[in-house]
Each structure stands twice: as C-alpha cells, then as structure tokens.
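Presented below is the structure to which this report refers.
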Protein chains: 2
Amino acid sequence: MARHPDHRPVETVETAFDILDVLRHTTSAGITELADELDLAKSTVYRHTKTLESRGLVVRNGDTYRISTWFLDYGIHVRNQHPLFDVATPKVDELAAETDEKVWCVIEEGGVGVHIYGAEGRHSVRTHARIGKRTALHQFAAGKAILAHLPADRTERILDEYDLAAQTAQTITDRDELCSQLETIRERGYALNYEESVAGVHAVGAPVKDESGDAIGAISIAGPANRLSGELLTDDLPTLLLGATNEIEINLAHS
Amino acid sequence: MARHPDHRPVETVETAFDILDVLRHTTSAGITELADELDLAKSTVYRHTKTLESRGLVVRNGDTYRISTWFLDYGIHVRNQHPLFDVATPKVDELAAETDEKVWCVIEEGGVGVHIYGAEGRHSVRTHARIGKRTALHQFAAGKAILAHLPADRTERILDEYDLAAQTAQTITDRDELCSQLETIRERGYALNYEESVAGVHAVGAPVKDESGDAIGAISIAGPANRLSGELLTDDLPTLLLGATNEIEINLAHS
DNA sequence: AGGTTTGTTCCCGCTATTCGAACGCGCGCC
DNA sequence: GGCGCGCGTTCGAATAGCGGGAACAAACCT
C-alpha cells in the first residue's frame with residue numbers, strides 16, 4: 001500500500017524563502033512592505049530578515065533590504081560544477097564566432113530548461129533570455145531537443161506536470177502535435193523553433209546526450225527569422241550544430 | 001539606556017542554510033552524511049531537504065542531493081540589477097580588448113569585494129577568481145582602491161572586523177602599512193597590487209565612486225608580473241583605467 | 001505640533017520542529 | 001546465497017522556538 005508520508009514542509013524555511021522571493025522581485029523593500037505582501041506579522045518578518053542579514057544573505061541599505069551577492073556565489077558555483085559546463089563552453093563560443101548568432105547552452109533540471117551559458121555572435125539578437133533563465137521545455141528549440149531525447153516515461157511525466165503554456169502565438173500548445181514533432185526531432189536529431197518563444201526569432205537546437213543516450217542538456221543557435229530561414233536553418237546550421245554537440249558528447253564521456 | 005535587543009536568529013532558517021552550505025561544498029551528499037556533518041537528527045535533515053527539494057532549491061539524484069540552478073537565477077538577477085553592472089560591463093570589455101589582459105569589475109558588499117563581471121583579454125592570466133568570488137578588500141588592487149575611497153569610519157570598521165589575513169607572502173598584513181598605502185592610493189587615484197593576491201600576478205585597480213565620492217566598486221586590470229611592470233604598470237595602464245572609471249562614473253550619475 | 005508610518009522590542013500561547021527509535025530495503029561482505 | 005550493516009524513510013511525543021499582537025520610539029510629511 002502506498003502510505004501517506006505526511007510530507008509537511010518546514011514552514012519556517014518556506015517563509016524565509018518567501019521573503020527572499022519577494023525581495024528578488026521588488027529589488028528592495030522594507031519590513032512593513034514585506035509583512036503586508038506576505039500577510040505576516042511585522043515582528044516575524046523582522047526576525048527573519050535580521051537572521052538573513054546576519055548570514056549576509058540579504059543586505060540592508062538604510063531601511064530597505066535587498067538580496068545579496070552570496071546567491072551569485074552559490075549560483076556560479078552550481079553552474080561551474082555541472083558536468084556539461086566546462087565541456088560545452090568553448091564549443092558554444094566557437095559556434096557563436098562561426099555563425100555570428102546567439103548561442104545558448106541549456107540544461108534540464110526538474111522538467112524545465114535552464115540557460116547556463118550564452119555566447120554572443122557579432123549580430124546577436126537580444127532576447128529576454130539570460131544566464132539562469134528558466135524556460136518550459138516545450139517552448140523553445142533546445143527544450144524540445146531535450147524533451148525528445150529523455151526516457152519516454154520522464155517526458156510523459158514532465159508533460160503531465162506542466163501544461164503547455166503559450167509564450168507566443170506560435171508556441172505549441174497541443175500535446176499530440178508536440179509529441180509528433182518530438183518524433184520528428186528524434187529522427188533527424190535536432191529541433192527547430194519558428195517564433196515559438198520570441199516573435200521574430202527562429203532557432204535550431206540539438207541535444208547533448210550522456211552515455212546512456214538520455215539528454216542532459218542542449219545547445220541552440222538563435223537569430224532573426226528573416227536571416228535564419230531556408231536551407232541555412234534546415235541544413236547548414238543543423239549540420240554545424242550536430243558536429244559541435246557530437247564533439248561535446250565525446251569530450252563528456254572522457255571527463 | 002542600551003537595551004538588550006535579544007537578536008535571536010531564527011534557528012530553523014539557519015539549519016536550512018547550514019544544509020545548503022554543506023551541499024555547496026560537497027557537490028553532492030546524502031541525508032546521513034548531512035546529518036553527521038551538522039550534528040542533527042537524520043529525520044530533521046530529511047524534512048528540511050524534502051522542503052528544499054519541493055521548492056526546487058535542491059535537486060535529488062538517486063539518493064544524493066545537490067543545490068539547484070535556482071541560485072543561478074537569484075544570483076544573476078542580483079548582479080544585473082546592481083547599478084554598476086550595466087554601466088561597467090561595456091567598459092570592462094573595452095579595457096580587456098585594449099590591454100589584452102584580464103579585467104574585473106568588483107563591488108563592495110558588507111566589507112568584502114565581490115567579483116561581478118570579468119572580461120578576458122587575448123593573453124589573460126588564469127587565476128582562481130571567478131564571477132561571484134568574494135575577496136577580502138586588503139588583498140587585491142580593486143579592493144584597496146575601494147578601501148581607500150570609503151568614508152573613513154566605514155574603512156575603519158571594516159579593518160576592525162576582519163583581520164588582515166595573508167593570501168600570499170606579499171599580502172599586506174600590517175594595519176599601519178595598509179593605511180599609509182591607502183593614503184597614497186587616495187592621492188594618486190589608483191591602487192597597485194604586487195603579487196599580493198596571486199603569486200606572479202600584478203594588477204592596477206581604480207575605484208568607481210558615486211555622487212558623494214564614496215566608492216561603490218572598482219575596476220582592475222591584472223596580468224603576469226613580468227608583463228605588467230615598469231611604466232606600463234605605473235603610468236600607461238593607470239591612465240587608461242582612470243579614463244574608463246571616469247566615464248563609468250559619469251554614466252552612473254546619469255542613469 | 002500633531003498625526004501617520006516606519007523599524008524595533010517585548011512577552012505570551014500554541015504549534016511546528018526536533019529528536020530518537022523503529023521500519024524496510026538494498027548492497028556488499030562474508 | 002544469506003546475513004547484517006547502512007541507507008532513506010516514517011512515526012509519535014515533548015518542548016522550545018516560532019509567530020502574533022500590542023506597545024514604543026523615531027522619522028517623516030503635512
């Protein structure tokens with residue numbers, strides 16, 4: 001029998017991170033502002049905030065608080081010790097230099113895609129993507145490439161958990177359509193993105209797989225729709241990209 | 001009357017971050033390992049870890065946990081919204097291109113220096129510095145430049161709080177010597193670092209000051225001791241650097 | 001000056017956290 | 001191949017630590 005494991009979370013920890021979340025969104029806030037926002041007593045917020053401050057996790061500036069650069073230290077550390085990072089970085093730089101477009105390295109974590117490294121080409125498009133940005137896997141080329149190359153049951157569980165939210169009018173929101181496209185992606189080895197995440201932006205994405213053939217991340221090349229079209233988008237760039245991801249996989253296996 | 005403010009921290013939050021700290025240092029750890037390390041009951045660690053996992057802050061891989069890329073999201077966000085970041089980034093890139101050396105942008109937070117952006121020159125030295133890295137202010141050029149341009153009472157409080165730990169044999173560990181050097185730095189406007197943080201590495205650092213003349217950060221140029229010497233180190237690079245920081249300060253005031 | 005709003009402190013009651021012990025499982029050692 | 005150590009997990013109970021509210025002080029703006 002499946003028990004009911006009574007997974008009650010530690011509420012005090014949750015409120016601490018609730019405070020941090022509000023601080024992250026508001027740039028800078030005071031005690032009362034936080035208490036109002038979170039429906040907590042001022043004294044509670046006060047004690048929490050002082051605790052976080054004494055650890056250096058938030059920084060006081062007069063009477064407002066902001067979250068500190070400790071999170072930068074934590075975050076960069078997490079990124080740098082990810083197995084894909086060291087191997088992918090130089091290849092991403094190369095691809096950006098060769099194509100003059102924006103190139104991203106994305107990893108999968110908990111069913112979402114996380115941008116861990118990006119390189120600028122000379123004609124890079126500027127999107128809202130940035131290092132650390134988390135994006136639903138079905139919404140972009142790298143994500144679809146990952147989704148297509150995960151174990152079938154994991155893919156299914158991810159699709160069950162998150163619904164297919166639309167980012168643009170072109171985002172795939174129909175599950176059957178997505179699944180049939182994933183099939184295509186599996187066959188040819190790479191994914192395409194026609195303005196599905198950002199209007200006016202096309203992209204190619206290819207998975208990076210581990211020894212067992214499961215995707216652990218992906219590399220993508222993105223650029224303006226008018227420039228990334230025709231054979232460049234469907235032949236030249238995919239060939240270049242697959243060459244790079246192939247090399248990455250080899251280096252990954254021997255590290 | 002001075003009250004006894006009873007600054008009792010929220011202990012539950014502290015244990016949560018204790019767990020995160022251990023996870024950060026160990027790459028990946030299990031429940032028992034964490035409990036032993038922190039002298040806590042397994043069940044306590046279990047519940048905390050599950051809480052953090054349900055928030056996505058740690059990720060389970062089999063039976064071990066590691067901290068998640070959420071911290072990357074938090075951290076990059078903190079960095080990007082720092083007033084200095086947008087203004088300094090392009091100038092740091094320029095300096096790296098012009099000098100072919102490693103250039104860093106450092107900010108001051110809670111009495112320590114935090115590396116928030118670095119640009120590679122073609123002949124960059126590779127040091128242990130990385131984005132997010134925190135360094136005691138007396139140990140490097142950018143830090144000394146900041147220390148020299150903070151309000152006198154803040155400088156003093158910082159020197160009181162942290163003792164002058166040595167990083168290399170050349171690190172300044174004597175307070176009087178440091179203070180007299182800070183005086184020199186104030187007069188000429190920039191700081192020099194002769195292998196005080198990394199053996200074989202010299203550097204120049206200049207402060208970035210806000211409207212009131214207090215340092216909020218600094219820019220530094222670092223390279224091999226044999227290349228960065230003589231007039232290049234004491235004249236040419238400082239001139240170039242001060243030009244850049246001056247521009248940054250102007251842009252900062254108008255943003 | 002007065003009223004409002006902010007951060008800060010105190011203290012009490014109750015609940016959520018902690019611990020320790022026990023369970024079940026899988027791995028590896030014998 | 002089975003025995004046992006070690007792991008993650010669950011449960012119940014006791015208490016200390018968390019959260020709330022009210023009161024204080026100081027800054028702010030009329």
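Hydrogens, waters and symmetry mates are skipped; everything else that's a heavy atom, side chains included, is used. Quick note on labels: first sequence line is chain A, next is B, and so on, each numbered from 1.
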Scan [X] against the nucleic acid and name what it touches under 4.0 Å (heavy atoms): base, sugar-phosphate only, or nothing.
X	result
B:T12	sugar-phosphate
B:T32	sugar-phosphate
A:T64	nothing

Only pairs at least two apart or in different chains count here, so list each side chain to side chain donor-acceptor pair (under 3.5 Å) that has a residue in residues 18-32 of chain A. A:D18-B:R55, A:D21-A:R24, A:D21-B:R55, A:D21-B:Y74, A:R24-B:D73, A:S28-A:T64
Would you jot down, in residue-number order, the residues of residues 16-25 of chain B having a non-hydrogen atom under 4.0 Å from DNA chain C? none
Proximity of B:H77 and B:F71 rings by center, below 6.0 Å: no
Quick one: [X] [atom1] to [N] [atom2], roughly how many Å, whole number?
X	N	atom1	atom2	value
B:D63	C:dG24	CG	P	18 Å
A:D39	D:dG20	CG	P	9 Å
B:L40	D:dG8	CG	P	14 Å
A:R60	C:dT6	CZ	P	17 Å
B:H48	D:dT9	NE2	C1'	16 Å
B:R47	D:dC18	CZ	C1'	13 Å
B:I31	C:dT18	CD1	C1'	15 Å
A:E53	C:dG7	CD	P	13 Å

Taking the side chain of [X] as its heavy atoms from C-beta onward, which of [options] lies nearest to it?
X	options	answer
A:E11	C:dT8, C:dA16, D:dG21	C:dA16
A:K42	C:dG20, D:dG21, C:dT6	C:dT6
A:Y46	D:dG17, C:dA22, C:dG7	C:dG7
A:S43	D:dT9, C:dC19, D:dG21	D:dG21

For A:Q181, is the CD atom crowded, meaning more than 12 foreign heavy atoms sit under 6.0 Å from it? yes
Do the side chains of A:E14 and A:R8 get close enough for a salt bridge, i.e. N-O under 4.0 angstrom? no
Would you mind telling me which residue lines up with the more 5' stretch of DNA chain C, A:A29 or A:V10, judged by nearest nucleotide? A:A29
Less than 3.5 Å apart, any donor N or O on the side chain of A:S197 or A:Q167 sitting next to an acceptor on the other? no
Using distance alone, with no hydrogens and no angle criterion, decide if B:Y190 and B:K144 have a side-chain donor and acceptor under 3.5 Å apart. no
Assess whether ring pair (Phe, Tyr, Trp, His ring centres under 6.0 Å) is satisfied between B:F140 and B:H115, documenting all intermediate values. CA-CA 12 Å; B:F140 65 130; B:H115 296 73; 5.5 Å; yes
